[in-house]
Number of protein chains: 2
Amino acid sequence: MNIRVTLTEKSRAQELNMQNIPFGKHFSDHMLIAIYENGQWGTPEIKPFQPLSLSPANAAIHYGQSIFEGIKAYRHADGSSHIFRPYDNYRRFNASAARLQMPAVPEDIFIEGMRRLIDLDRNWIPGFADHSLYVRPFMFAMDDTIGVKPSESYAFMIILSPTGPYYAAPMKIYVEEYFVRAVPGGIGFAKAAGNYAAAMHATAEAKKKGYDQVLWMDAIEHKYVQECGTMNVFFIFEGEAVTPDLKEGTILAGVTRDSVIEVLQDMGLKVSERPISIDEIISSYQSGKLKEVFGTGTAATISLIRELGYKDIKMDFDIKQWEIAPRVKQLLSDIREGKAADTKKWLFKV
Amino acid sequence: MNIRVTLTEKSRAQELNMQNIPFGKHFSDHMLIAIYENGQWGTPEIKPFQPLSLSPANAAIHYGQSIFEGIKAYRHADGSSHIFRPYDNYRRFNASAARLQMPAVPEDIFIEGMRRLIDLDRNWIPGFADHSLYVRPFMFAMDDTIGVKPSESYAFMIILSPTGPYYAAPMKIYVEEYFVRAVPGGIGFAKAAGNYAAAMHATAEAKKKGYDQVLWMDAIEHKYVQECGTMNVFFIFEGEAVTPDLKEGTILAGVTRDSVIEVLQDMGLKVSERPISIDEIISSYQSGKLKEVFGTGTAATISLIRELGYKDIKMDFDIKQWEIAPRVKQLLSDIREGKAADTKKWLFKV
């Protein structure tokens with residue numbers, strides 16, 4: 001694939017201490033950009049990371065046609081670089097695009113563009129345990145008129161950000177009984193910008209109560225748990241691991257979620273994708289059958305949930321007793337960081 | 001209020017034929033911008049309309065914290081300029097801001113900033129009937145980090161666009177049975193960017209079937225009609241005008257909607273804000289009790305709906321027979337354009 005490359009005059013990689021670097025604050029030397037107009041994609045360009053010049057009438061700012069993905073790349077001990085399951089994110093990206101009435105991005109621009117960009121900025125992949133290079137592909141509307149209609153032009157971009165552990169501490173999660181993230185027939189399954197803005201108020205309210213994030217419930221009955229907005233959620237019962245199913249289109253089909261399902265099955269657990277109600281969670285907690293709760297996501301990887309709150313009910317967990325979540329986390333980390341065999345072909349070599 | 005003003009070197013107003021000018025394509029000489037950071041609003045600036053420089057990690061593009069308003073300004077025969085109900089839009093703007101976890105914009109920046117900007121660019125208000133200056137206040141996140149959280153910095157802006165009639169032709173509307181715009185506990189009442197992107201796919205599907213827009217139904221029962229996405233909707237029955245009520249928070253509280261309710265009441269009609277089901281619409285159509293259907297909105301003003309489609313049912317209307325909608329349209333236009341007395345104090349003199 002043809003990519004126009006303009007190199008930075010001086011790399012900034014050496015100026016940065018990448019150990020325990022905060023998520024999403026620092027960006028690598030280069031970025032990729034491809035423009036869609038007149039019904040086709042132009043030649044992608046890799047150039048120094050720099051501001052964009054956008055019209056005040058930019059259609060993404062006014063009408064929210066904007067989607068993204070989150071992917072991680074890892075450095076192995078032998079110095080090689082690897083991207084975790086980029087094809088899965090590629091497919092999800094174009095599913096989001098279709099739902100938001102945006103054009104599909106060709107595979108070579110997404111995958112080969114990402115590979116070339118990461119290869120060029122490989123010094124930005126931190127080599128420490130639990131560290132990685134966060135890869136952010138995104139696409140947004142570029143029309144500069146303010147009639148409400150799908151844009152005719154788009155920018156597809158990839159930017160790279162070195163990152164340490166996302167949520168270092170085990171989390172306190174509030175099960176949200178009033179506000180709603182997604183509904184059947186809506187855009188909950190899409191990684192659309194608007195879904196995240198819509199979630200911020202409930203999260204802020206939960207923070208006032210001392211929680212880190214909310215766990216959403218379904219929009220119709222306010223009964224079945226869904227996801228945490230930046231994480232899918234897993235419940236470990238005696239003899240069964242449960243995560244909400246994707247049938248209604250209200251939950252993001254997480255790539256880490258899918259990986260965790262496979263790893264749990266490999267560990268011999270029965271994994272069920274099925275509706276799970278807050279009532280079942282509470283009664284299982286009270287009877288002692290609910291053993292572990294954790295979130296999964298590209299940014300978060302595996303996040304232990306040490307407390308679940310719902311109305312006046314608090315469910316505390318002694319995470320020091322947990323066996324499953326820490327083992328899944330370690331197994332996934334080992335595959336990603338090249339310390340265990342990649343038998344599932346999840347790694348894509350840069 | 002202190003506003004820094006930088007004038008354009010040469011006005012572009014004379015280069016443009018403003019008769020029947022398309023909606024949202026052309027912008028006036030100047031724009032207003034105010035920046036929120038470190039917990040406070042800075043001094044607003046009026047300067048030549050120009051591109052924005054935004055980080056590729058801009059939080060509005062990635063997470064959709066972006067809201068807007070639509071307002072119109074009119075030129076009267078005596079040469080004076082008037083804004084239609086800007087305080088109502090101001091209140092709604094800050095209601096949207098609160099729901100999206102964004103800071104409130106102070107009244108003087110919004111109202112006095114708008115007045116000063118329009119006064120400066122008053123040559124951009126077209127003087128033709130059904131023409132106006134469309135005023136677009138908007139606010140979006142300005143942080144340049146990609147962690148999911150409310151931005152700490154924002155830009156509030158106003159841009160101006162001269163406009164002719166928005167939907168010249170009477171419309172064909174499809175009543176959407178699967179896709180959903182808003183749900184109780186969601187952000188349907190907010191004028192948030194993400195609501196519009198989420199609506200585009202269903203609208204595109206309706207266009208394939210020969211319709212202009214969709215009429216949304218409620219998310220829970222798919223039974224009660226809501227709004228058209230850029231318009232509220234009114235049904236004129238024998239002796240009663242009905243528009244869906246706002247109680248569930250799923251419908252935008254349109255300023256034109258509110259104005260039309262008042263005008264209909266002044267005309268002696270009983271106006272009901274209440275749930276209205278697709279079944280009631282169909283049976284009233286079949287019995288001949290449903291006389292007129294129209295949409296209301298700032299961009300659209302009053303748009304006659306000449307056909308409603310729902311699944312295999314088509315409801316055609318002979319709009320030449322209509323009395324109410326054309327009269328409301330005329331009365332509203334006359335007030336806006338200064339041809340009738342502004343007894344309700346809806347006009348704000350520039």
Side-chain angles (χ1 to χ4, degrees), chain A residues 22-25 27 31 33 49-58 60-66 68 98-101 134 136 138 140-141 145-150 157 159 161 178-181 183-187 192-201 203-204 219-220 222 229-230 299, chain B residues 22-25 27 31 33 49-58 60-66 68 98-101 134 136 138 140-141 145-150 157 159 161 178-181 183-187 192-201 203-204 219-220 222 229-230 299:
Chain A
F23 180 81
K25 283 210 172 182
F27 298 94
M31 64 188 196
I33 183 164
F49 186 88
Q50 60 191 270
L52 305 168
S53 176
L54 297 182
S55 167
N58 172 273
I61 289 175
H62 291 264
Y63 303 126
Q65 266 191 307
S66 191
F68 68 96
R99 183 62 182 85
L100 275 285
Q101 204 61 24
Y134 183 80
R136 169 58 61 94
F138 59 111
F140 59 97
T145 62
I146 54 171
V148 177
K149 62 176 184 53
M157 297 188 65
I159 56 178
S161 178
Y178 173 69
F179 293 112
V180 162
R181 176 185 172 275
V183 62
I187 62 166
N195 282 338
Y196 293 81
M200 286 177 184
H201 183 65
T203 306
I220 312 294
H222 296 262
T230 62
Chain B
F23 181 82
K25 282 209 173 182
F27 299 94
M31 63 188 197
I33 183 165
F49 187 88
Q50 61 191 270
L52 306 168
S53 176
L54 298 182
S55 167
N58 173 272
I61 290 174
H62 291 264
Y63 303 126
Q65 265 191 308
S66 192
F68 68 95
R99 183 60 182 86
L100 276 286
Q101 203 62 23
Y134 182 81
R136 170 57 62 92
F138 58 111
F140 59 97
T145 61
I146 53 172
V148 178
K149 62 175 184 52
M157 297 187 66
I159 56 178
S161 178
Y178 173 70
F179 292 112
V180 163
R181 177 186 171 274
V183 62
I187 63 166
N195 282 339
Y196 294 80
M200 288 177 183
H201 183 64
T203 306
I220 312 295
H222 296 263
T230 61

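Chain naming here is simple, since letters A, B, ... match the order of the sequence lines and numbering starts at 1 in each.
- Comparing B:M31, B:K149, B:R181 by how many heavy-atom pairs each has under 4.5 Å with chain A, the most go to B:K149.
- At a 4.5 Å heavy-atom cutoff, the contact between B:M157 and chain A is made by side-chain atoms alone.
- Of the atoms belonging to A:A199, not a single heavy atom falls under 4.5 Å from chain B.
- Proximity to chain B (any heavy atom under 4.5 Å) is shown, for A:M200, by both the backbone and the side chain.
- The parts of A:I220 that come within reach of chain B are both its backbone and its side chain, each placing non-hydrogen atoms under 4.5 angstrom from that chain.
- In plain terms, the two heavy atoms of B:L100 and A:A198 that are nearest each other are CD1-N, 4.3 Å.
- The contact between A:Y63 and chain B is made by backbone and side chain atoms together, counting heavy-atom distances below 4.5 Å.
- Among the candidates B:T145, B:N195, B:N58, the residue making the largest number of heavy-atom pairs closer than 4.5 Å to chain A is B:T145.
- A heavy-atom distance below 4.5 Å is not found between the side chains of A:I146 and B:F68.
- Using a 4.5 Å cut-off between heavy atoms, A:S53 contacts chain B through both its backbone and its side chain.
- Contacts between A:F138 and chain B at a heavy-atom distance below 4.5 Å involve the side chain alone, from C-beta outward.
- Using a 4.5 Å cut-off between heavy atoms, B:A192 makes no contact with chain A at all.
- If you measure heavy-atom distances from A:P184 to chain B, the contacts under 4.5 Å come from the backbone alone.
- Put simply, of A:G186, A:A60, A:A57, the one with the most heavy-atom pairs under 4.5 Å next to chain B is A:A57.
- A:R136 touches chain B through its side chain: at least one heavy atom from C-beta onward sits under 4.5 Å away, while N, CA, C and O do not.
- Contacts of B:L52 with chain A are made by both backbone and side-chain atoms, with heavy-atom separations under 4.5 Å.
- Of the two parts of B:L54, the backbone and the side chain both hold a non-hydrogen atom closer than 4.5 Å to a non-hydrogen atom of chain A.
- Smallest separation of non-hydrogen atoms from B:Q101 and A:A204: NE2-CB, 3.2 Å.
- Put simply, the side chain of A:S66 gets close to the backbone of B:I61: a donor and an acceptor are under 3.5 Å apart.
- Interface remark: of the candidates B:A197, B:P56, B:G24, B:P51, B:P56 forms the most heavy-atom pairs closer than 4.5 Å to chain A.
- Heavy-atom pairs under 4.5 Å with chain A were tallied for B:G185, B:A98, B:G194; the largest tally goes to B:G185.
- Interface remark: B:F179 contributes backbone and side-chain atoms alike to the contact with chain A (heavy atom separation under 4.5 Å).
- The minimum heavy-atom distance between A:S55 and B:F49, with the atom names listed, is OG-CZ, 4.3 Å.
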